[in-house]
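Have a look at the structure below before the remarks.
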Amino acid sequence: VGCSGLTTLDLSPLSQVGGLCDCFLVGCSGLTTLDLGPLSRVTVIRHSFLHGCSGLTTLDLSPLSQVTEVQEAFLVGCSGLTTLDLSPLSQVTEVQEFFLEGCTRIDM
């Protein structure tokens, strides 16, 4: 687990995926931007989505508008995030624990 040396990532091969597994991109602290556009079919995000991706400063969640379930530790430790619009996650009916924990710089 961990991909701290990763600085860019093309998610387009995941364009047909409907769910993201546990620990998706955990520890990828070298990522400064990430285009979630290819994930527009995702409806379930399992625990620890982008956990520890402290290099991200902004993240556009609009491609995740089909998501109905977000499990625990969503974006935990993404301390570099300064802005985040959660409105694309309007279909999520339950927020589990540790949602945005450690994201101390976010101005919503």
Side-chain angles (χ1 to χ4, degrees):
V1 175
C3 50
S4 59
L6 190 65
T7 57
T8 61
L9 184 63
D10 176 11
L11 296 178
S12 60
L14 302 178
S15 64
Q16 301 301 311
V17 170
L20 298 175
C21 64
D22 295 351
C23 303
F24 181 75
L25 298 177
V26 166
C28 296
S29 57
L31 287 174
T32 56
T33 61
L34 186 62
D35 177 12
L36 298 178
L39 303 180
S40 62
R41 293 179 184 230
V42 169
T43 59
V44 176
I45 297 175
R46 296 184 51 92
H47 81 32
S48 298
F49 176 72
L50 301 177
H51 184 171
C53 293
S54 57
L56 292 172
T57 55
T58 61
L59 190 62
D60 179 10
L61 298 178
S62 59
L64 302 180
S65 63
Q66 300 302 310
V67 172
T68 57
E69 180 182 347
V70 174
Q71 295 183 357
E72 68 273 1
F74 179 76
L75 299 176
V76 166
C78 292
S79 57
L81 286 175
T82 56
T83 60
L84 189 65
D85 177 10
L86 296 175
S87 62
L89 299 178
S90 63
Q91 292 192 55
V92 174
T93 57
E94 179 182 351
V95 174
Q96 294 192 9
E97 59 190 358
F98 309 119
F99 188 85
L100 301 178
E101 182 176 299
C103 298
T104 56
R105 298 178 60 203
I106 294 177
D107 179 22
M108 286 190 263

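The figures here come from the full heavy-atom set of this structure, side chains too, leaving out hydrogens, waters and symmetry mates.
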Between Gln96 and Gln71, what is the shortest heavy-atom contact and its length? OE1-CA, 3.7 Å
Spell out, yes or no, whether Val76 and Leu25 are grouped together once hydrophobic residues are joined by side-chain heavy atoms under 4.5 Å, including indirect joins. no
With heavy-atom distances below 4.5 Å as the criterion, would you say the side chains of Thr57 and Leu81 are in contact? no
Do the side chains of Leu100 and Phe98 join up, straight or via other hydrophobic residues, at under 4.5 Å, putting them in one cluster? no
Side chain to side chain contact (heavy atoms under 4.5 Å, CB included), that's the test. Do Leu61 and Leu86 meet it? Break it down for me. CA-CA 7 Å; Leu61 298 178; Leu86 296 175; 3.8 Å; yes
Hey, does Leu64 have a side-chain heavy atom less than 4.5 Å from the side chain of Leu89? yes
Answer whether the closest heavy-atom distance between the side chains of Gln66 and Ser40 falls below 4.5 Å. no
Smallest heavy-atom separation, Asp60 atom then Ser62 atom, equals OD1-OG, 2.7 Å
Write down the atom of Cys78, the atom of Leu50, and the distance for their closest heavy-atom approach. SG-O, 3.2 Å
Tell me, with the steps shown, if Leu75 and Phe49 meet side chain to side chain contact (heavy atoms under 4.5 Å, CB included). CA-CA 6 Å; Leu75 299 176; Phe49 176 72; 4.0 Å; yes
Separation between SG (Cys103) and CZ (Phe74), nearest 0.5 Å, reads 9.0 Å
Is there a side-chain contact between Phe24 and Ile45 in this structure, where contact means two heavy atoms from C-beta onward sitting under 4.5 Å apart? no
With a 4.5 Å cut-off on side-chain heavy atoms, are Gln16 and Arg41 touching? yes
Heavy-atom distance under 4.5 Å between the side chains of Val44 and Val67, does that happen here? no
Ignoring hydrogens, what is the shortest heavy-atom contact between Ser54 and Ser79? Give both atom names and the distance. CB-OG, 3.5 Å
Taking the side chain as C-beta and beyond, is there a heavy-atom pair between Leu59 and Thr83 under 4.5 Å? no
Are Glu94 and Glu69 close enough that some pair of their side-chain heavy atoms sits under 4.5 Å apart? no
Who are the side chain to side chain donor-acceptor pair (under 3.5 Å) partners of Ser65, not counting sequence neighbours? none
Distance, nearest 0.5 Å, that separates CD of Glu101 from NE2 of His51: 8.0 Å
